[in-house]
Amino acid sequence: MADEASRTAFMEIQGRMVECTAKLKQVQNQIRSKETDKKRAFLTLEELRQVPDDTNTYKSIGRTFVLEPKSVLINEQEQKLKDSETAIASLQTSKEYLEKQMGEVENNLKELLQQDPGLARQIMSLSVM
């Protein structure tokens, strides 16, 4: 009976670990994406600032280009930069939380395997095949 309870606990912990790993990878990908957006906005902003004020500037909308004042484009890029920074900060918080959860799950797994060495041997025999 204790053996079955240990197996059930192991399966539950394993499921939580898989779930945490997937969420962590998703958050890391989102952070990378937001960092790319931030870098693109920063570089565009730097280029726009070098352009003289009397130059015609255009905004891309799909496959169309619309004449926009330079100040409007600068404001849009600054807003994109701020939004990306805010999103990155939020995602970093989520990442830290998920990493903490992952550590707890790993500790629970280690604890379970130390309490039931027979389960550890069963797992090792399954993973060798």
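Here the structure is a predicted model, which is why all the values come from computation and not from measurement.
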Colleague: Same hydrophobic cluster for Leu91 and Leu98, using side-chain heavy-atom links shorter than 4.5 Å among ILVMFWY?
Modeller: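 Cluster IDs for Leu91 and Leu98 match.
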Colleague: To the closest 0.5 Å, what do you measure between NZ (Lys34) and OG (Ser90)?
Modeller: 10.5 Å
Colleague: Would you please say whether a donor-acceptor pair under 3.5 Å links the side chains of Asp83 and Gln79?
Modeller: yes
Colleague: With rounding to the nearest 0.5 Å, note down the distance linking CD1 in Ile31 to CD in Gln92.
Modeller: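 Answer rounded to 0.5 Å: 4.0 Å.
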Colleague: Does any part of the side chain of Asp37, heavy atoms only, come nearer than 4.5 Å to the side chain of Lys80, both counted from C-beta?
Modeller: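 Side chain of Lys80 against side chain of Asp37, heavy atoms only: no contact under 4.5 Å found.
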Colleague: In chain order, what residues pass the side-chain hydrogen bond (donor to acceptor under 3.5 Å, both in side chains) check against Glu104, with sequence neighbours excluded?
Modeller: none
Colleague: Could you tell me the separation between the NZ atom of Lys25 and the SG atom of Cys20, rounded to the nearest 0.5 Å?
Modeller: 13.0 Å
Colleague: Please check if Ile88 and Phe42 belong to a single hydrophobic cluster, counting links between Ile, Leu, Val, Met, Phe, Trp and Tyr side chain heavy atoms closer than 4.5 Å.
Modeller: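 Looking at the clustering, Phe42 is in a separate group from Ile88.
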Colleague: Report the residues that fulfil side-chain hydrogen bond (donor to acceptor under 3.5 Å, both in side chains) with Lys70, sequence neighbours left out, ordered by chain and then residue number.
Modeller: Asp53
Colleague: Tell me if a side-chain donor or acceptor on Thr86 pairs with a main-chain N or O of Lys82 at a distance below 3.5 Å.
Modeller: yes
Colleague: Who clusters with Tyr58? Use side-chain heavy atoms, under 4.5 angstrom, across I, L, V, M, F, W and Y, and order the result by chain and number.
Modeller: Phe65, Leu67
Colleague: Please identify each residue that fulfils side-chain hydrogen bond (donor to acceptor under 3.5 Å, both in side chains) with Lys23, with sequence neighbours left out.
Modeller: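 With neighbours one apart ignored, the set is Glu19.
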Colleague: So how far is it from Met102 CE to Tyr97 OH, rounded to the nearest 0.5 Å?
Modeller: 13.5 Å
Colleague: Test of understanding: with side chain to side chain contact (heavy atoms under 4.5 Å, CB included), list the residues that count as partners of Val72, not counting sequence neighbours.
Modeller: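 For Val72 the side chain to side chain contact (heavy atoms under 4.5 Å, CB included) partners, ignoring immediate neighbours, are Glu68, Pro69, Glu76.
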Colleague: Enter the distance from Ser94:OG to Gln26:CD here, rounded to the nearest 0.5 Å.
Modeller: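 Separation between the atoms: 10.0 Å.
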Colleague: State, to 0.1 Å, how close Arg16 and Val105 come at their nearest heavy-atom pair, and which atoms those are.
Modeller: NH2-CG2, 3.6 Å
Colleague: Taking side chain as C-beta onward, heavy atoms only, is Lys39 less than 4.5 Å from Glu35?
Modeller: no
Colleague: With distance as the sole test, does Thr21 use its side chain to make a donor-acceptor pair with the main-chain N or O of Met17 at under 3.5 Å?
Modeller: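 Indeed, once roles are kept as given, a pair shorter than 3.5 Å links the two residues.
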Colleague: Is Thr55 reaching over with its side chain to a backbone N or O of Val51, donor-acceptor style, under 3.5 angstrom?
Modeller: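 The answer is no, because no donor-acceptor pair under 3.5 Å joins these two groups.
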Colleague: Closer than 3.5 angstrom, by distance alone: can the side chain of Thr64 be matched with the main-chain N or O of Ser60 as a donor-acceptor pair?
Modeller: no
Colleague: Linking I/L/V/M/F/W/Y whenever any side-chain heavy atoms sit under 4.5 Å apart, do Leu73 and Val66 land together?
Modeller: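 They do not share one cluster, since no chain of ILVMFWY contacts under 4.5 Å joins Leu73 to Val66.
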Colleague: How long is the gap from CG on Leu112 to CD on Gln14, to the nearest 0.5 Å?
Modeller: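 Output value for this atom pair is 11.5 Å.
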Colleague: Run the side chain to side chain contact (heavy atoms under 4.5 Å, CB included) test against Glu96 and tell me which residues pass, sequence neighbours left out.
Modeller: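 Glu96 satisfies side chain to side chain contact (heavy atoms under 4.5 Å, CB included) with no other residue.
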